Protein chains: 2
Amino acid sequence: MSGDRQKPGNGAKKKAHQVVTSADVAREAGVSRSTVSRCMADDERISEATRKRVQETAAQLGYHVNKIASSMNRRKSDLIGLVTSGLTDPFRIEFLDCLISQIQQSGYRPLVIDVSDPDQMGISMLNLLQYQVAGVVVTSGSPSPEVGTHYLKRNVPVVLVNRAGRLEGADVINCDNVHGGELAADMLLKSGKKRLGFLNVRGGTYSGNVRGEAFVSRIAPRLADGEISFTSLVCDSADYDGGFHAGLKYLAGGENTPDAIFCAKDHIALGLMDAARFELGLTVPGDLAVIGFDDIAAARQGAYQLTTVRQRADQLAEMTVERLRRRIGGDDLGDERLVLPVEFIRRQTV
Amino acid sequence: MSGDRQKPGNGAKKKAHQVVTSADVAREAGVSRSTVSRCMADDERISEATRKRVQETAAQLGYHVNKIASSMNRRKSDLIGLVTSGLTDPFRIEFLDCLISQIQQSGYRPLVIDVSDPDQMGISMLNLLQYQVAGVVVTSGSPSPEVGTHYLKRNVPVVLVNRAGRLEGADVINCDNVHGGELAADMLLKSGKKRLGFLNVRGGTYSGNVRGEAFVSRIAPRLADGEISFTSLVCDSADYDGGFHAGLKYLAGGENTPDAIFCAKDHIALGLMDAARFELGLTVPGDLAVIGFDDIAAARQGAYQLTTVRQRADQLAEMTVERLRRRIGGDDLGDERLVLPVEFIRRQTV
DNA sequence: TTGTATGCGTTATCAT
DNA sequence: ATGATAACGCATACAA
């Protein structure tokens, strides 16, 4: 009845196996393993009756396809590597949240790799390859170009999100940092503030630098007129504490104290605001106007009501997964740079 | 020279393979695949010279062990399933952050499963089994008992974190919710506030309920004396917005308006505070004392300076991974309930 | 210390 | 529409 030939010579030998395999289902349902495989994959060309019977048998026996064995055979898993560095940056968390559910909904599984040490990034991406990942999303660090060849060789698509990215064969998705910087500039110019500043982490990040440069370019004419002044401000970390300490340092008073600061990202802006209000007794936007970037959840909260440039984490995730899926599906897309629109959100800090 | 027998009859046939396998390394280094396997695994009983030579050859050829094939052989992967629901709860994010790096440092990889629909949890945990995970950490939802048997049958250890959990064979780790609730109660009793409240999400969560019950038990004597009053308050979501709207609802004024509220978690407390201060013009702690639970990063920020009960995400993660590793290693631990100590952090909201 | 032989559970190919 | 068979790449028991 069972068509599969047993291993030669083991006749009735039958170990008390712990785990149910397709062979068990096949035997029980009176079909071949091939048929079981097809039924579990909802293959078109299987008869309705057989499929139903096999699937019922499978359920009864508690059979689940072994993805590892499946991946081995297909030389590709349904894992998607997610390269990130810690879960501390609010916007990245929101993005990852969207990304994870999108990936799941597409039938894939996220395999997270934390690269707190950027230098480690190359190794980590190579590690990912060990798992036969179907694709990789990089949300932190910049992979060395040589890593790219390893991925290209295996046709493993890579998407870089919000970074410079110079990886051949990979998609690079950014929000419109330039336009965002310009929007912030326009707002502050219109506000009547005179001593403008741009606050970013020391050394800068790719996104932050682009935003800052666009901001400066936009205010350049008025700067030349001498109508306003501009200062470049730096903090030691790209987070709340960084912004907080920068606030203490730059807002302590004096002639050139800025009265309007564009922050590279919301999280920094929140720290800055708190230092200004709670430590230095300044009013916002009275004494100090603040503009952020990202529109993270906290920016909307009553305590902050931060005016900011919104980039949509959900759209970013959607585009990421869409590109990935198309490439996994075999679409031969060239290297592309995709830009997502941003939106100015005026609240109460300017 | 090469000891491995080739497939019969394929002689010199050699396809232009894309991917480097142990056979390639073996051929190049003049050893067997077994030796390559042993060298890559740093097997003790391989000669120093051979290992060095093989590893160099491997590096040269760009060979990396195929974890999928390896997992297939060992019938166990080095993946650890992380069951969570979204990345919106700040404390859970901090916990996951610690957990992910701990898992990585232990040589495992986190496979994230998002179960936004709690009913889906059983299916998702079963899915995890398809990947031959070495272990599972559940940070959200409560798995149905029947799922447990599937895991037990395969000797896949499960750790439940901060939940009720009634899964046979699994570890359950909680912070000391009872003591935390008592600490909050003691503080509020000492503060001289008279109209106490406990704010939790409608329906409650396991942790929240325990905290609230401990809180009430502790204030019970004084309640009996009639010295103070107590109200149970509910919000619609266990987050900032939930706390915010609860604030608008319960603090609008009137005879019985609470003057001290213990919140089931920090995130709720933040929303409550903002509603009180920015929407209702109340002072904290003057008009309203607030105590949270968790000590998330935002609680330390200048805007809040929340008095709270701290549970340490890093310790929680450490213990989780340690238990998991021991069970994976074969230690036959019974069902255990582990409790992590909490600490009262007095800041400025009471 | 190293090599040989085998099987892990699945799917793709070819056959019927 | 379904069955037989051959890989997939590795690790391990057993030999030597």
Side-chain angles (χ1 to χ4, degrees), chain A residues 1-10 13 15 17-27 29-54 58 63-78 129-132, chain B residues 1-10 13 15 17-27 29-54 58 63-78 129-132:
Chain A
M1 194 58 138
S2 161
D4 277 352
R5 185 179 51 117
Q6 296 290 9
K7 285 152 237 132
N10 71 349
K13 184 182 173 189
K15 68 181 169 199
H17 48 226
Q18 314 262 30
V19 55
V20 185
T21 75
S22 67
D24 298 316
V25 179
R27 192 182 318 115
V31 297
S32 69
R33 288 177 306 165
S34 313
T35 300
V36 174
S37 175
R38 292 184 184 116
C39 291
M40 299 310 285
D42 282 323
D43 193 308
E44 296 291 320
R45 53 194 186 173
I46 220 78
S47 82
E48 187 60 36
T50 310
R51 189 177 59 206
K52 193 168 172 233
R53 182 162 46 87
V54 170
Y63 170 72
H64 300 275
V65 176
N66 182 331
K67 292 276 193 181
I68 297 290
S70 172
S71 302
M72 158 107 128
N73 184 298
R74 318 169 73 138
R75 261 151 312 191
K76 180 179 289 186
S77 74
D78 50 8
L129 237 21
Q130 296 190 310
Y131 294 87
Q132 314 292 95
Chain B
M1 194 61 135
S2 160
D4 277 350
R5 186 178 49 120
Q6 296 289 8
K7 285 148 235 134
N10 71 349
K13 185 181 173 190
K15 67 180 169 198
H17 47 225
Q18 314 260 29
V19 55
V20 186
T21 76
S22 66
D24 298 315
V25 179
R27 192 184 317 114
V31 296
S32 70
R33 288 181 308 167
S34 321
T35 300
V36 174
S37 175
R38 292 182 184 120
C39 289
M40 298 310 285
D42 281 322
D43 194 306
E44 295 292 320
R45 52 189 190 180
I46 220 78
S47 83
E48 188 59 35
T50 311
R51 189 177 60 206
K52 195 171 172 229
R53 183 161 46 90
V54 170
Y63 170 71
H64 299 275
V65 176
N66 182 330
K67 293 277 194 182
I68 297 291
S70 171
S71 302
M72 158 105 127
N73 188 303
R74 318 169 71 141
R75 262 161 316 221
K76 180 178 289 187
S77 74
D78 50 8
L129 235 21
Q130 296 190 312
Y131 293 88
Q132 314 293 95

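So that the names make sense, note that chain A is the first sequence line, chain B the second, and so on, each numbered from 1. Remember, it's a predicted structure, so these values are computed and weren't measured experimentally.
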[X] side-chain N/O to [N] phosphate OP1/OP2 under 4.0 Å:
X: Thr21(B); N: dG9(D); value: no
X: Ser22(A); N: dT10(C); value: yes
X: Tyr63(B); N: dC10(D); value: yes
X: Ser32(A); N: dG3(D); value: yes
X: Ser70(A); N: dT10(C); value: no

Whole-Å distance between [N] [atom2] and [X] [atom1]?
X: Arg38(B); N: dT4(C); atom1: CZ; atom2: P; result: 11 Å
X: Met40(A); N: dT10(C); atom1: CE; atom2: C1'; result: 12 Å
X: Ile68(B); N: dT11(C); atom1: CD1; atom2: C1'; result: 15 Å
X: Arg74(B); N: dT12(D); atom1: CZ; atom2: C1'; result: 10 Å
X: Lys76(B); N: dA11(D); atom1: NZ; atom2: P; result: 16 Å
X: Gln132(A); N: dG9(D); atom1: CD; atom2: P; result: 8 Å
X: Ile46(A); N: dA12(C); atom1: CD1; atom2: P; result: 13 Å
X: Asn66(A); N: dC8(D); atom1: CG; atom2: P; result: 18 Å

### Task
Could you work out which one of dA11(D), dT10(C), dG3(D) sits closest to the side chain of Ser34(A)?
dG3(D)

### Summary
Of the candidates dC8(C), dT2(D), dG9(D), the side chain of Arg45(A) sits closest to dT2(D)

### Query
Please walk me through it: do Arg53(B) and Val31(B) pass side-chain contact (heavy atoms from CB on, under 4.5 Å)?
CA-CA 10 Å; Arg53(B) 183 161 46 90; Val31(B) 296; 4.2 Å; yes

### Message
Using heavy-atom distances to pick each residue's nearest nucleotide on DNA chain C, tell me which of Asn73(B) and Ser47(B) is more 5'.
### Response
Ser47(B)

### Inter-residue atom distance Leu129(B).CG - Asn66(A).CG, 0.5 Å rounding
9.5 Å

### Task
With rounding to the nearest 0.5 Å, note down the distance linking CD in Gln132(B) to CZ in Arg74(B).
13.0 Å

### Task
Using a 4.0 Å heavy-atom cut-off across all strands, classify Thr35(A) as base, sugar-phosphate, or nothing.
sugar-phosphate

### Message
Under 4.0 Å, heavy atoms only, any strand: does Thr50(A) hit a base, just the sugar-phosphate, or nothing?
### Response
sugar-phosphate

### Task
Indicate whether the side chain of Ser34(B) and that of Ser37(B) have a donor and an acceptor atom separated by less than 3.5 Å.
no

#### Entry: Minimum-distance pair of heavy atoms, taken over all atoms of Tyr131(A) and Ser77(A)
O-OG, 3.2 Å

### Task
Determine whether any donor atom in the side chain of Ser71(A) lies under 3.5 Å from an acceptor atom in the base of dT10(C), or the reverse, and answer yes or no.
no

### Message
Can you say whether a donor on the side chain of Arg33(A) sits under 3.5 Å from an acceptor on the base of dT10(C), or the other way round?
### Response
yes

